[in-house]
Amino acid sequence: MNKNSTVSLVTVSLFASLTAVGAFIKIPLPYVPFTLQVLFVFLAGSLLGGKRGMQSQLVYVGIGLAGVPVFTQGAGIGYVLQPTFGYLIGFIAGAFVVGWMTERISNPKTYHFILANFAGLLVVYLIGVPYLYMALNTWLGVPSSWAHILMIGFVYSIAGDIVILVIAGFLATRLYKVFYSIRNNNKTNIQRERTI
């Protein structure tokens with residue numbers, strides 16, 4: 001494995017691990033606990049870019065589905081039936097959206113990261129809330145109205161998530177130059193290898 005692949009693997013694995021840690025820093029709420037996972041989803045997208053940020057969340061979800069207990073309520077392939085699994089799918093898409101948006105700005109400022117995080121959070125909810133509705137009303141047999149779903153899957157956690165996305169924006173501003181130089185060095189080395 002060359003140096004570029006190693007650096008990419010390490011950074012992707014780092015954010016997959018941080019997301020797993022975030023799953024256990026939580027406030028228990030009905031059906032959808034409030035966790036710090038989304039902080040690392042935002043940072044993965046902001047600091048690794050769309051592709052690598054998405055890969056970090058794919059690794060996290062893949063490890064959990066393989067049976068490693070990294071989710072808030074267990075692990076294994078059966079976790080797809082959990083009402084919160086849609087949010088995990090949202091993490092994958094959300095990290096990509098955050099990275100895709102910030103990659104298109106040559107020198108992103110804090111407000112760029114915050115806006116990208118807001119878009120990423122919107123994606124997480126757009127996937128997670130309908131999945132929660134479907135899970136409760138179909139295979140879990142818990143009849144729930146959209147008003148109830150929006151309350152437990154959105155209203156209870158949105159204020160905290162907005163605070164987290166702002167914090168993530170400030171953290172990303174501080175850390176961006178370090179990760180940007182790593183990403184650029186990788187791209188430069190790959191281009192050199194192709195020309196040799």
Side-chain angles (χ1 to χ4, degrees), residues 5-26 32-104 108 113-132 135 153-154 157-158 160-162 164-169 171-172 175-176 178-180 182-183 186:
S5 299
T6 303
V7 171
S8 293
L9 183 62
V10 167
T11 54
V12 165
S13 300
L14 170 66
F15 280 94
S17 301
L18 288 171
T19 307
V21 170
F24 296 98
I25 304 171
K26 62 184 177 181
V32 186
F34 178 79
T35 73
L36 282 188
Q37 289 169 295
V38 75
L39 170 66
F40 301 112
V41 172
F42 295 145
L43 290 175
S46 298
L47 303 176
L48 303 184
K51 182 182 175 183
R52 296 281 185 260
M54 180 180 70
Q55 287 175 343
S56 72
Q57 300 310 302
L58 278 169
V59 168
Y60 167 65
V61 173
I63 288 172
L65 292 178
V68 180
V70 293
F71 298 147
T72 55
Q73 300 172 41
I77 194 67
Y79 206 85
V80 298
L81 299 177
Q82 286 285 341
T84 55
F85 186 72
Y87 293 95
L88 298 179
I89 299 170
F91 290 169
I92 297 166
F96 176 79
V97 168
V98 172
W100 182 85
M101 290 180 68
T102 54
E103 281 175 324
R104 271 140 188 79
F113 288 116
I114 290 173
L115 288 173
N117 291 344
F118 190 83
L121 182 62
L122 184 62
V123 169
V124 171
Y125 279 118
L126 283 173
I127 297 172
V129 172
Y131 196 98
L132 177 64
F154 176 74
S157 56
I158 187 63
D161 283 341
I162 289 173
I164 287 174
L165 74 82
V166 172
I167 292 170
L171 286 173
L175 298 169
Y176 182 74
V178 175
F179 282 86
Y180 183 77
I182 291 171
R183 280 164 43 194
N186 274 348

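Note that these values count all heavy atoms, side chains included, but never hydrogens, waters or copies made by symmetry.
- Listed for the Tyr87 side chain is a donor-acceptor partner under 3.5 Å among the backbone atoms of Gly153.
- In this structure the side chain of Val41 never reaches within 4.5 angstrom of the side chain of Val98, judged on heavy atoms.
- Residues Gly64 and Ala75 come closest through the heavy atom pair O-CB, 3.3 Å.
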*Decide yes or no on side chain to side chain contact (heavy atoms under 4.5 Å, CB included) for Leu47 and Phe15, but give the supporting numbers first.*
CA-CA 10 Å; Leu47 303 176; Phe15 280 94; 3.8 Å; yes
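- Between Leu14 atom CG and Leu9 atom CG the span is 11.0 Å, to the nearest 0.5 Å.
- Other residues, nucleotides and ligands place more than 12 heavy atoms under 6.0 Å from the OH atom of Tyr79.
- In this structure, CD1 on Ile127 lies 8.5 Å from CD1 on Ile92, to the nearest 0.5 angstrom.
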_Phe42 vs Asp161, test: side chain to side chain contact (heavy atoms under 4.5 Å, CB included). Steps then yes/no._
CA-CA 11 Å; Phe42 295 145; Asp161 283 341; 5.8 Å; no
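- With Asn117 as the fixed residue, the side-chain contact (heavy atoms from CB on, under 4.5 Å) test singles out one of Ile162, Val166, Leu165: Leu165.
- In this structure, Ala16 and Ser56 approach most closely via the heavy-atom pair CB-O, 3.3 Å.
- Note that CG of Leu48 is 13.5 Å distant from CZ of Phe96, once rounded to the nearest 0.5 Å.
- Taking OG1 from Thr35 and NZ from Lys26, the interatomic distance works out to 9.0 Å, rounded to the nearest 0.5 Å.
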_Under the criterion side chain to side chain contact (heavy atoms under 4.5 Å, CB included), I'd like the reasoning laid out for Leu43 against Phe113: C-alpha separation, chi angles, the key distance, then a yes or no._
CA-CA 9 Å; Leu43 290 175; Phe113 288 116; over 6 Å; no
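- Contact check for Val61 versus Phe91: no side-chain heavy atoms found under the 4.5 Å cut-off.
- The shortest heavy-atom contact between Gly169 and Ile114 is CA-CG1, 4.0 Å.
- Of the inter-residue distances, the one linking Leu88 atom CG with Leu58 atom CG reads 11.5 Å to the nearest 0.5 angstrom.
- Atom CE of residue Met101 and atom CZ of residue Phe118 lie 10.5 Å apart, to the nearest 0.5 angstrom.
- Here the closest non-hydrogen pair linking Ala135 and Pro83 is CB-CA, 3.7 Å.
- Looking at every heavy atom in both residues, Ala95 comes nearest to Gln57 through CB-CG, 3.9 Å.
- Using a 4.5 Å heavy-atom cutoff, the side chains of Thr72 and Gln37 are in contact.
- Between Tyr60 and Phe71, the ring centre distance stays below 6.0 Å.
- Considering every non-hydrogen atom in both Tyr125 and Ser157, the closest pair reads OH-OG, 2.9 Å.
- Taking 4.5 Å as the limit, every side-chain heavy atom of Tyr176 sits out of range of all side-chain heavy atoms of Thr102.
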